[in-house]
Amino acid sequence: MKKSEIVFRIMTISAVLLATGAILCLGLLEHGRTVRKEEEMERIAELPVKMESCLIDEESGETVIKAWADEIPESDDEYFYLFALRPYEEDIGNNKTYLMGERKGKEIEFCLKTGVFDKFVVGVKDGGSYRAVSAPHYITNPGAMAVFTSNGEKPSGKKGLLIDPDKLMSEELDELGIKHAAYNIPVSRILGHPEEDEYSAIHYTYNGNEYVFNGRVMAEYDLIFSTLTEKGIEITAIILNDVSLDYPWLIHPLAREGIGKPPYYAFNGSDETGAEYLAAIGTFLTERYSGRMNGRGVVANWVIGNEINARKEWNYMKHVDLELYVREYVRAFRTFYNGVKSVNKACGVYISLDNQWNRINVLTQSYRGKDVLDEFNRQIKAEGNIDWGLAIHPYNKPLTRVDTWGSSIYVKDRVDTPVVSMANIRVVTEYMEQEDFLTEDGEVRSIIISELGYTSSKGEEEQAQAIVYAYRMAEGNPHIDSIIFSRQTDAREEVERLRLYQGLNRADGSHKYAYEVFRDMDGEGMVR
């Protein structure tokens, strides 16, 4: 045997052993995670007081908190006490002051004026200090405080596009007949204001603190969103946590060691400064883009982050167990959710997942989309169920593959499929039909395809066929509200880095074959 062959075999064996070891480690981590989760659930189940509801009364504006006691816990006196915790706080602590007290009984009710971001805990006085006897519970109807309650008529179709701002004033948006548009809002762009900028800074006061937003950038968004709104296009905005050197506290502490590597990071809702900024950003943006009378446009949907399960690539945080990872996202998500809904009751707020449904990349140590969805739903329900939605990206695997309809080792028509594409998207929508995932009204949650694209590198006709196939699958699925294709024009960075030509237009602005097909695919004369 040649020396080169021996080296190759040794390298191959080493790679297999490393992969096997990684899989075994992941298996052990998942086992430990399951044990800890069960222990936590048992601990919560043993607490004597169960929170029933935490709702704002629309007439009085008071928050009404109802709970019931399995048993009356022993304590220093005859009272239950209500405490408010901030989203980043875990327990009552020694220095917490209770909001109100009520004599102990099986049925418990507190009524008070409060904000929408706190979570509430029932406690008792024990040994001179206080201890919690209930799990925390958030207000679940922040929309009861909202000034805005409608975003106008819903679009008549599902066809959407990631728009090219350079073509905003062209005839293309009208010609293509799109009903939905997606646009990114990286937080580093909107915060702060250069001193030399001729545009006025936007000073925004929230909860007694002043925040500064970039007047030039906000004017850009004003133009884009108002133009789309006037054309009757529903807007989905994606809030992204990129690096801002002037605002490092927006990045989660467990993500800061990776600054400079990925494009986006986990939001920081784990401390006071981070949580206050998230609340201010959410309320500011929703106030600015609600109601047609302001002339700035209406954003109907807000997606919080990008492809959350792709930890290393798109929502960076150091690898931790799934429960902790999702916990930190849930903190940020609920803060944004309450901020958005307290301003505009009609807005949708979405979690974002990629196509890796039941598959882990052991090299990047990402998480399965299905696992993240399960854990997100569990944690949200545990602290007060809200009307969240799912924004999913069912790309083909690999990304360069176009024939979605062909057989694939990754795409299966069953719930344990490694990957979700448009060929088996009903796996996700049927999964969301389960009772455990339904809204409080018993409805399937809103599901949108907020990003999906096919390259023309293997032929423009095949790209067009893939677009039509995906659109037909979405059009025929009653649980999918929109499908937003990526993109209007080829992105030079995607072409250079990934060899992906996903636009309806080439980089020079000229139309591909898919342009006309996309334009006509929801018309009566289109072959189905």
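Values reported hereafter were calculated over all heavy atoms of this structure, with side chains retained and with hydrogens, waters and symmetry mates removed.
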Output yes when Lys159 and Glu475 qualify as a salt bridge under the 4.0 Å nitrogen-oxygen rule, no when they do not. no
Is the closest basic N to carboxylate O distance between Lys231 and Asp174 below 4.0 Å? yes
Can a side-chain donor-acceptor contact be found between Asn151 and Asn344 if the only test is distance below 3.5 angstrom? yes
Quick check: Trp302 with Tyr337 (ring centres under 6.0 Å apart)? no
Mind checking whether Phe376 and Tyr329 have parallel, tilted or perpendicular rings, split at 30° and 60°? tilted
Indicate whether the side chain of Asn268 and that of Asp271 have a donor and an acceptor atom separated by less than 3.5 Å. yes
Between Asn505 and Gln488, do the side chains contain an N or O donor and an N or O acceptor separated by less than 3.5 Å? no
Are Asp164 and Arg487 close enough for a salt bridge, meaning some N to O gap below 4.0 Å? no
Could Arg296 and Glu287 be called an ion pair, given the rule that one side-chain N must be under 4.0 Å from one carboxylate O? no
Does the gap between the ring centers of Tyr211 and Tyr204 come in under 6.0 Å? no
If you take the centroid of each ring, where Trp contributes its six-membered ring, are Tyr277 and Trp249 closer together than 6.0 Å? yes
Would you call Arg368 and Asp371 a salt bridge, taking side-chain N to carboxylate O under 4.0 Å as the test? yes
Between Arg378 and Glu323, is there a salt bridge with N-O shorter than 4.0 Å? yes
Distance-only side-chain donor-acceptor flag, Glu375 / Gln379, under 3.5 Å: yes
Is Arg331 salt-bridged to Glu328, cutoff N-O under 4.0 Å? yes
Does the ring center of Tyr325 lie less than 6.0 Å from the ring center of Tyr367? yes
Shortest non-hydrogen contact between Phe333 and Ile351, atoms and distance: CE1-N, 3.7 Å
Thinking salt bridges, do Arg506 and Glu460 make one under a 4.0 Å N-O criterion? yes
Could you tell me if the ring centre of Phe485 sits under 6.0 Å from that of Tyr471? no
Looking at Glu220 and Arg189, is any side-chain nitrogen of the basic one under 4.0 Å from a carboxylate oxygen of the acidic one? yes
Under 6.0 Å between ring centres: does that hold for Phe213 and Phe284? yes
Just by distance, no angles: are the side chains of His393 and Ser450 close enough, under 3.5 Å, to form a donor-acceptor pair? yes
Neighbour count above 12 (heavy atom, 6.0 Å) for Arg216 CZ: yes
If only side-chain N and O atoms count, and only distance matters, is there a donor-acceptor pair under 3.5 Å linking Asn306 with Asn315? no
Is it true that Tyr264 and Glu313 share a donor-acceptor pair across their side chains at a distance under 3.5 Å? no
Minimum heavy-atom separation for Ser366 and Ile360, please, with both atom names. O-CG2, 3.7 Å
I need the minimum non-hydrogen distance between Val212 and His193, along with the two atoms involved. CG1-CB, 4.0 Å
Is a salt bridge present between Glu257 and Lys318, judged by a nitrogen-to-oxygen distance below 4.0 Å? no
Charged N to carboxylate O under 4.0 angstrom, Glu62 versus Lys113? no
Can a salt bridge be assigned to the pair Lys96 and Asp91 using a cut-off of 4.0 Å between side-chain N and carboxylate O? no
